[in-house]
Amino acid sequence: EVRFEGVDFSYDEKSGPTLDGIDVTVPAGGSLAVVGPTGSGKSTLGYLVPRLYDVTGGRVTLDGVDVRDLDFDTLARAVGVVSQETYLFHASVADNLRFAKPDATDAEIEAAARAAQIHDHIASLPDGYDTLVGERGYRFSGGEKQRLAIARTILRDPPVLVLDEATSALDTRTESAVQEAIDALSEGRTTLTIAHRLSTVRDADQIVVLDGGRIAERGSHEGLLQEDGRYAALVRRDTQPAHAAS
Ligand SMILES: Nc1ncnc2c1ncn2[C@@H]1O[C@H](COP(=O)(O)OP(=O)(O)OP(=O)(O)O)[C@@H](O)[C@H]1O
Ligand SMILES: [Mg+2]
């Protein structure tokens with residue numbers, strides 16, 4: 001279970017709070033989608049779980065234990081983060097994946113890549129899993145990197161996931177490959193998704209709308225549509241042809 005209890009956060013004392021009085025619980029195995037305008041604090045909220053930053057007020061707990069009381073190894077094993085800013089070492093694709101689980105067999109690595117919908121692409125490269133990547137090697141696209149990050153996280157197998165979805169539009173095929181990969185990854189884990197895609201949000205057990213660092217609305221997709229507030233407006237905007245094309 002991931003719980004935010006009266007969480008406040010500021011990047012620095014001079015600027016105002018980035019998060020202000022956040023209370024939300026994601027039950028074990030449940031899913032939370034966080035939506036809201038740019039700059040509302042969504043990514044920041046996600047950062048507090050793996051302690052990329054620490055709260056300035058309140059606390060974040062995993063199964064009731066303050067994340068600040070967990071040792072670094074335990075926290076790193078418990079929480080996986082998937083964002084599009086995945087770092088690839090100048091090494092082979094296989095080594096980049098094995099980094100997540102040093103004792104993984106080739107079969108395990110391939111299985112993770114298949115589940116993450118990136119195996120076929122890797123297999124199509126001239127040197128397959130031996131292809132050198134990173135700064136001076138083969139360059140994967142944003143959507144491909146994201147799927148490599150998913151494969152790594154499948155290998156690491158953490159019970160809690162923080163997913164920061166790409167804001168940039170992916171083409172329809174990549175989009176559905178990434179969606180399948182994320183579905184495979186989320187299965188049976190507690191997930192907190194910073195959601196930019198309506199499909200992710202709709203399927204979440206719980207939705208929170210952030211605005212200016214505060215929770216403006218919360219509920220299920222259906223419930224929030226009925227409330228006809230900010231969430232309903234976001235959904236209307238997202239389903240307008242003009243927006244979909246941009
Ligand atoms: N490292 C940082 N130092 C100072 N301020 C920051 C830092 N990172 C983010 N902020 C500020 O905190 C606020 C919340 O940022 P955050 O990245 O959490 O927003 P977001 O909701 O994820 O936005 P987006 O939808 O654009 O990803 C913004 O005003 C942002 O400028
Ligand atoms: Mg963000």
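Order of listing sets the numbers, starting from 1, for every ligand and every atom in it.
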Practice task
Inspect the contact between R3 and D66 and indicate whether a charged nitrogen and a carboxylate oxygen are less than 4.0 angstrom apart.
Solution key: no

Handout entry: Side-chain ion pair, R189 and D157, N-O less than 4.0 Å
Key = yes

Handout entry: R98 and D106: CA distance, side-chain angles, deciding distance, salt bridge (charged side-chain N to carboxylate O under 4.0 Å, His left out) verdict
Key = CA-CA 9 Å; R98 190 168 277 114; D106 289 349; 2.7 Å; yes

Exercise for the section: State, to 0.1 Å, how close T153 and G80 come at their nearest heavy-atom pair, and which atoms those are. Expected result: CG2-CA, 4.4 Å

Exercise for the section: Could you tell me whether some N/O pair between S43 and ligand 1 is separated by less than 3.5 angstrom? Expected result: yes

Measuring from non-hydrogen atoms of [X] to any atom of ligand 1, is the shortest distance under 4.0 Å?
X   : result
G36 : no
P37 : yes
F9  : no

Practice task
For ligand 1, indicate whether the residue T18 contacts it via side chain, backbone, both or neither (heavy-atom separation under 4.0 Å).
Solution key: side chain

Problem - Region of Y47 that comes within reach of ligand 1 [heavy atoms, distance under 4.0 Å] - result: neither

Exercise for the section: Specify whether an N/O/S atom of S43 falls short of 2.8 Å from the Mg ion (ligand 2). Expected result: yes

Taking only heavy atoms of [X] into account, list the atoms of ligand 1 that are under 4.0 Å away from them.
X   : result
T44 : 14 (C), 15 (O), 16 (P), 18 (O)
Y53 : 1 (N)
S40 : 19 (O), 21 (O)

Handout entry: Neighbour count above 12 (heavy atom, 6.0 Å) for R214 CZ
Key = no

Practice task
Using the test side chain to side chain contact (heavy atoms under 4.5 Å, CB included), find all partners of T105 that sit at least two apart in sequence or belong to another chain.
Solution key: A107, E108

Problem - Pairing residues for D71 by the side chain to side chain contact (heavy atoms under 4.5 Å, CB included) criterion, not counting sequence neighbours - result: D73, T74

Practice task
Ignoring hydrogens, just give me the one of G41, G16, P17, G39 whose non-hydrogen atom is nearest atom 13 (C) of ligand 1.
Solution key: G39

Practice task
Answer yes if F99 and L132 sit in the same cluster of Ile, Leu, Val, Met, Phe, Trp and Tyr residues linked by side chain heavy atoms under 4.5 Å apart, and no otherwise.
Solution key: no

